[in-house]
*Asks:* 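First the structure, which I've put down as structure tokens, then a few questions once you've had a look.
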Amino acid sequence: MVIKYQDKQFELISKIKTMGSGNIELYAACDAVRRGGTLYTVACVSDMELARKLVPVTTKNNISYTFKDLHASFNADGKYYIIFSHADGRTLQQAMEKGNYSLTERLLLMKNIYAQIFLLNMPECFLYEILRKDNIVVGDDLSIRFNYYFTEVDYYWQVKEKDCIRRTHGLVRELFAKELEQRSSRELMKYEREMEEGRFAYLWDCYVAYDNIYEAVLAKSEQQEIKPGRIWWRAWEGFKKVLPKIRAVLAAALIVSAAIYLLLTLPNPVLSDKGVSFREIGTLEIQERGQAGVR
């Protein structure tokens with residue numbers, strides 16, 4: 001299927017997914033004339049009321065021209081079409097699942113995410129959208145690109161900058177989870193804590209603060225100065241590793257000690273020379289020899 005708009009033609013290659021309660025269908029597309037090069041994400045909106053609400057944030061006349069990931073938007077065949085750039089490749093989610101990025105690489109990844117956000121200057125609703133690990137695509141050179149999939153379209157008109165900061169904070173926590181857990185970088189710990197406490201009013205402030213600590217953390221990383229916190233922290237981590245073995249040894253020792261105690265303290269009629277004397281069996285009273293008979 002080919003969609004025509006002015007002097008451009010977009011050929012739909014494959015369907016990506018259906019979003020917005022079935023009102024938005026997403027397709028991967030290419031230039032129908034050149035057949036190669038740039039890939040596009042085509043959002044086909046069938047609900048005209050939803051389309052009307054999307055117009056202010058999806059038309060070049062209403063938003064900044066620097067948002068170059070948005071190529072076109074138009075009505076055709078009773079539907080509203082929005083053409084975005086499409087990023088093909090490994091998502092940040094897939095990259096993080098492998099867990100093979102060094103601290104230096106992760107520092108650069110976060111820096112590139114910030115840089116790309118402000119380079120594109122997109123509306124807040126799409127900024128909120130792309131701050132998802134599934135919508136961030138990582139290149140082999142750690143460059144960053146975004147996909148626009150209308151994942152939470154019903155929330156677009158409620159998005160505030162604090163929502164975007166909160167999502168960015170989530171990315172920071174996941175990218176530097178190891179360093180934060182081990183308390184190995186005071187700079188990263190302070191930066192993450194300030195984000196959590198809402199110290200930054202704007203996302204730009206988050207970027208500036210990150211840029212300020214970036215060089216310091218990078219320098220320590222290159223000099224191999226990033227180590228788990230203090231001595232007590234390293235000792236605790238070591239203790240946690242051997243704790244299961246210590247528990248097993250203590251449990252075995254307790255059982256053996258209890259068995260020895262029982263053997264030494266309880267009387268054993270079989271081993272005793274005197275045996276055990278019983279004065280009564282039920283209602284029958286037993287008397288010793290030389291006394292009266294049994295009653």
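Not measured: the values here are computed from a predicted model. Scope of the values below: all heavy atoms of this structure, side chains included, with no hydrogens, waters or symmetry mates.
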*Asks:* Could you check whether atom NZ of K4 has more than 12 heavy atoms from other residues, nucleotides or ligands sitting under 6.0 Å from it?
*Replies:* no
*Asks:* Would you call R52-E49 a salt bridge at under 4.0 Å N-O?
*Replies:* yes
*Asks:* Would the number of heavy atoms belonging to other residues, nucleotides or ligands and lying under 6.0 Å from NZ of K15 be above 12?
*Replies:* yes
*Asks:* Do D211 side-chain atoms and Y207 backbone N/O form a donor-acceptor pair below 3.5 Å?
*Replies:* no
*Asks:* If I compare all heavy atoms of Q116 with all of F146, which pair ends up nearest, and what's the gap?
*Replies:* CG-CE1, 3.3 Å
*Asks:* Would a 4.5 Å heavy-atom cut-off, applied to side chains only, mark L175 and Y101 as touching?
*Replies:* no
*Asks:* Any side-chain heavy atom of D69 within less than 4.5 Å of one from M122?
*Replies:* no
*Asks:* To the nearest 0.5 Å, how far apart are CG in L180 and CE in M189?
*Replies:* 7.5 Å
*Asks:* Measuring from L188:CG to M110:CE, what's the distance to the nearest 0.5 Å?
*Replies:* 11.0 Å
*Asks:* Using the side-chain contact (heavy atoms from CB on, under 4.5 Å) rule, take Y81 and F10 through it: C-alpha gap first, then chi angles, then the decisive distance, then the call.
*Replies:* CA-CA 11 Å; Y81 292 93; F10 303 98; over 6 Å; no
*Asks:* Calculate, to the nearest 0.5 Å, the distance between atoms OG and NZ belonging to S184 and K178 respectively.
*Replies:* 8.0 Å
*Asks:* Checking Y156 now: which residues fulfil side chain to side chain donor-acceptor pair (under 3.5 Å) with it, not counting sequence neighbours?
*Replies:* E129
*Asks:* Of all heavy-atom pairs between S73 and T58, which one has the smallest distance, and what is that distance?
*Replies:* OG-O, 2.6 Å
*Asks:* Can you tell me if N147 uses its side chain to pair, donor with acceptor, with the backbone of V137 under 3.5 Å?
*Replies:* no
*Asks:* If you compare all heavy atoms of G78 against all heavy atoms of M48, which two are closest, and at what distance to 0.1 Å?
*Replies:* O-CE, 3.5 Å
*Asks:* Supply the atom-to-atom distance S185 OG to L103 CG, rounded to the nearest 0.5 angstrom.
*Replies:* 7.5 Å
*Asks:* Nearest 0.5 Å, please: how far is NZ in K111 from CD in E215?
*Replies:* 6.5 Å
*Asks:* Looking at K160 and D163, is any side-chain nitrogen of the basic one under 4.0 Å from a carboxylate oxygen of the acidic one?
*Replies:* no
*Asks:* Quick one: side chain to side chain donor-acceptor pair (under 3.5 Å) partners of T41, sequence neighbours excluded?
*Replies:* H86
*Asks:* Are R167 and E152 ion-paired here, with the side-chain N under 4.0 Å from a carboxylate O?
*Replies:* yes
*Asks:* Test ring pair (Phe, Tyr, Trp, His ring centres under 6.0 Å) on F67 and Y148; report intermediate values, then the result.
*Replies:* CA-CA 12 Å; F67 186 23; Y148 305 86; 5.7 Å; yes
*Asks:* What heavy-atom pair brings L26 and Y149 nearest, and what distance separates the two atoms?
*Replies:* CD1-O, 3.3 Å
*Asks:* Would you indicate whether the side-chain heavy atoms of I117 and L131 approach each other to under 4.5 Å?
*Replies:* yes
*Asks:* The test is ring pair (Phe, Tyr, Trp, His ring centres under 6.0 Å); show your working for F176 and Y191 and say whether it passes.
*Replies:* CA-CA 11 Å; F176 305 110; Y191 178 70; 8.4 Å; no
*Asks:* CZ/R173 to CD/E181 distance, rounded to the nearest 0.5 angstrom?
*Replies:* 10.5 Å
*Asks:* For S143 and D141, what are the C-alpha separation, side-chain angles and deciding distance, and is it a side-chain hydrogen bond (donor to acceptor under 3.5 Å, both in side chains)?
*Replies:* CA-CA 5 Å; S143 59; D141 58 351; 2.7 Å; yes
*Asks:* Would you please test K98 and R90 for side-chain contact (heavy atoms from CB on, under 4.5 Å) and show each step?
*Replies:* CA-CA 11 Å; K98 291 188 176 181; R90 183 174 54 175; 4.3 Å; yes
*Asks:* Heavy-atom count around Y202 OH within 6.0 Å, excluding the residue itself: above 12?
*Replies:* no
*Asks:* Could you tell me whether the side chain of L120 reaches within less than 4.5 Å of the side chain of I130, counting heavy atoms only?
*Replies:* no
*Asks:* Please walk me through it: do K190 and R193 pass side-chain contact (heavy atoms from CB on, under 4.5 Å)?
*Replies:* CA-CA 5 Å; K190 181 175 181 293; R193 184 171 61 252; 3.9 Å; yes
*Asks:* For S46 and K79, work out which heavy atoms get closest and say how close.
*Replies:* CA-CG, 4.5 Å
*Asks:* So L107 and Y210, side-chain contact (heavy atoms from CB on, under 4.5 Å) or not? Walk me through it.
*Replies:* CA-CA 10 Å; L107 285 166; Y210 181 81; 3.6 Å; yes
*Asks:* Does L203 offer a backbone N or O that forms a donor-acceptor pair with the side chain of E161 under 3.5 Å?
*Replies:* yes
*Asks:* Determine the minimum heavy-atom distance between N135 and T151, stating which atoms define it.
*Replies:* ND2-OG1, 4.0 Å
